[in-house]
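Quick one: the structure is below, questions incoming.
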Amino acid sequence: MAHCIVPEAEAILDKEFPVLDKGFVRLVDYMGGDDRIVQSARVSYGAGTKTVREDAALIDYLLRNQHTSPFEQVVLTFHIKMPIFVARQWVRHRTARMNEISGRYSIMKNEFYIPADQDVSIQSTDNKQGRSTEAVSKEFVDSTKHIIEAGQNQAYKDYQELVDSGLAREIARINLPLALYTEIYWQCDLHNLMHFLKLRLDGHAQKEIRDYAQVILDITRKVAPATIASFENHIQKGVSFSQEELQALHCILEGKDNPLTGKKLERFNTKLRDGVQK
């Protein structure tokens with residue numbers, strides 16, 4: 001196989017793309033691109049055996065039919081700076097390789113995430129793990145941010161005093177809050193990266209990690225544009241149906257009553273609505 005160089009990816013190597021108030025995503029390295037996927041699928045000896053259009057059609061076929069192993073040939077390595085509470089969600093994706101800055105060896109920086117005004121929201125009444133879209137007053141926003149920032153400042157002041165006293169760094173760090181920024185190197189193959197993007201771009205994911213996922217998506221598009229176009233069409237903006245739901249669709253198309261009831265009907269209608277919105 002020929003070594004794959006993607007000019008669009010080369011152009012953004014080591015460039016910092018800002019996320020949130022102090023975070024960033026940086027593409028450190030990549031191995032392969034759309035050409036590598038095509039080569040792997042065809043077990044080819046090099047690029048140029050087919051047209052770009054035919055290559056894109058092959059990639060679309062592979063993704064649509066869940067032939068995933070060729071996508072594992074492409075690997076991306078990112079340097080990411082994020083709040084610890086985002087990192088705790090990130091590590092649930094166990095199919096990647098990750099190395100994080102250690103507070104046992106390093107003095108942690110006085111850098112904490114403070115949400116933007118529009119991201120300060122009350123608890124949702126119909127989503128136990130999410131925030132409401134209901135508008136809040138400026139007084140509520142200002143008060144909330146003041147409490148958050150004051151707590152961060154006090155926590156870091158205490159941390160500095162403990163470090164200066166000679167206490168071991170691994171103990172001094174334990175009261176630092178989840179808003180503290182951390183940094184990781186994260187390496188993932190394209191198949192598992194698309195699974196990460198599917199989950200973390202979804203509207204049910206926390207807003208802060210969605211911001212990072214969007215930047216990851218935009219960077220990955222530079223490395224493998226045909227793959228990301230297919231991903232958006234079939235996975236991110238597509239909707240899957242169960243056997244029962246497909247039967248219900250057939251009934252609707254034939255002018256018959258929908259056989260689904262109760263929660264099943266509710267989930268079916270939600271999928272139809274989400275599919276149209278996507």
(message) In the structure I gave you, are the side-chain heavy atoms of Asp189 and Phe71 within less than 4.5 Å of one another anywhere?
(response) no
(message) Can you tell whether the side chains of Glu8 and Lys222 come within less than 4.0 Å, N to carboxylate O?
(response) no
(request) In sequence, state the C-alpha distance, the side-chain angles, and the governing distance for Leu190 and Leu193, and then conclude on side-chain contact (heavy atoms from CB on, under 4.5 Å). (result) CA-CA 5 Å; Leu190 188 52; Leu193 180 56; 4.3 Å; yes
(request) Check the surroundings of atom CD in Glu254: do more than 12 heavy atoms from other residues, nucleotides or ligands lie under 6.0 Å from it? (result) yes
(request) Examine the side chains of His79 and Asp14 and answer whether a donor and an acceptor come within less than 3.5 Å of each other. (result) no
(request) Taking ring pair (Phe, Tyr, Trp, His ring centres under 6.0 Å) as the test, write out the residues that go with Phe268, two or more places apart. (result) none
(message) What I'd like to find out is whether the side chain of Leu272 reaches to under 4.5 Å of the side chain of Leu249, using heavy atoms alone.
(response) yes
(message) So which atom in Gly32 and which in Tyr30 form the shortest heavy-atom distance, rounded to 0.1 Å?
(response) O-CD1, 3.4 Å
(message) Could you tell me if the side chain of Met194 sits less than 4.5 Å from the side chain of Leu63, heavy atoms only?
(response) yes
(request) Would you mind reporting whether Arg267 and Lys271 have side-chain heavy atoms less than 4.5 Å apart? (result) no
(request) With Cys4 as reference, evaluate Gln39, Met31, Gln73 under the side-chain contact (heavy atoms from CB on, under 4.5 Å) test and give the passing residue. (result) Gln39
(message) Check whether Arg169 reaches the backbone of Ser102 with its side chain - one donor and one acceptor, N or O, closer than 3.5 Å.
(response) no
(message) Could you go through Leu217 and Glu232, starting from their C-alpha distance and side-chain angles, then the distance that decides it, and tell me whether this counts as side-chain contact (heavy atoms from CB on, under 4.5 Å)?
(response) CA-CA 10 Å; Leu217 175 71; Glu232 289 176 319; 3.8 Å; yes
(message) Parallel, tilted or perpendicular, judged at 30° and 60°: which one describes the rings of Phe196 and Trp90?
(response) tilted
Only pairs under 3.5 Å count here: list side-chain donor-acceptor contacts from residues 108-120, not counting sequence neighbours, and write none if there are none.
from: Glu111; atom 1: OE1; to: Lys81; atom 2: NZ; distance (Å): 2.7
from: Glu111; atom 1: OE2; to: Lys81; atom 2: NZ; distance (Å): 3.1
from: Tyr113; atom 1: OH; to: Glu208; atom 2: OE2; distance (Å): 2.8
from: Asp117; atom 1: OD1; to: Lys145; atom 2: NZ; distance (Å): 2.7
from: Asp119; atom 1: OD2; to: Lys207; atom 2: NZ; distance (Å): 3.0

(message) Donor-acceptor pair, distance only, cut-off 3.5 Å: does the side chain of Thr144 make one with the backbone of Phe140?
(response) yes
(message) Could you check whether any side-chain N or O of Asp34 sits under 3.5 Å from a backbone N or O of Thr227, counting only pairs where one atom can act as donor and the other as acceptor?
(response) yes
(request) Measure centre to centre between the rings of Trp186 and Tyr212, then say whether the value is under 6.0 Å. (result) no
(message) Quick one, Gln89 and Leu199 - any side-chain contact, counting heavy atoms below 4.5 Å?
(response) no
(request) Search all heavy atoms of Gly33 against all heavy atoms of Val6 and return the closest pair with its distance. (result) CA-CG2, 4.3 Å
(message) Between Arg173 and Val163, is there a side-chain heavy-atom distance shorter than 4.5 Å?
(response) no
(request) Please determine, by modelled atom types, if Tyr185 and Arg26 share a side-chain donor-acceptor pair under 3.5 angstrom. (result) yes
(message) Using side-chain heavy atoms (C-beta onward) and a distance below 4.5 Å, is Glu183 in contact with Phe24?
(response) yes
(request) In plain terms, say whether Arg273 and Glu266 are close enough for a salt bridge, that is, a side-chain N and a carboxylate O under 4.0 Å apart. (result) no
(message) Ignoring hydrogens and geometry beyond distance, is a side-chain donor-acceptor pair present between Asp218 and Gln214 at under 3.5 Å?
(response) yes
(message) Any side-chain to backbone donor/acceptor pair from Asp202 onto His204? Under 3.5 Å, distance only.
(response) yes
(request) Heavy atoms only: give me the nearest Asn175-Ala155 pair and the separation to one decimal. (result) O-CB, 4.2 Å
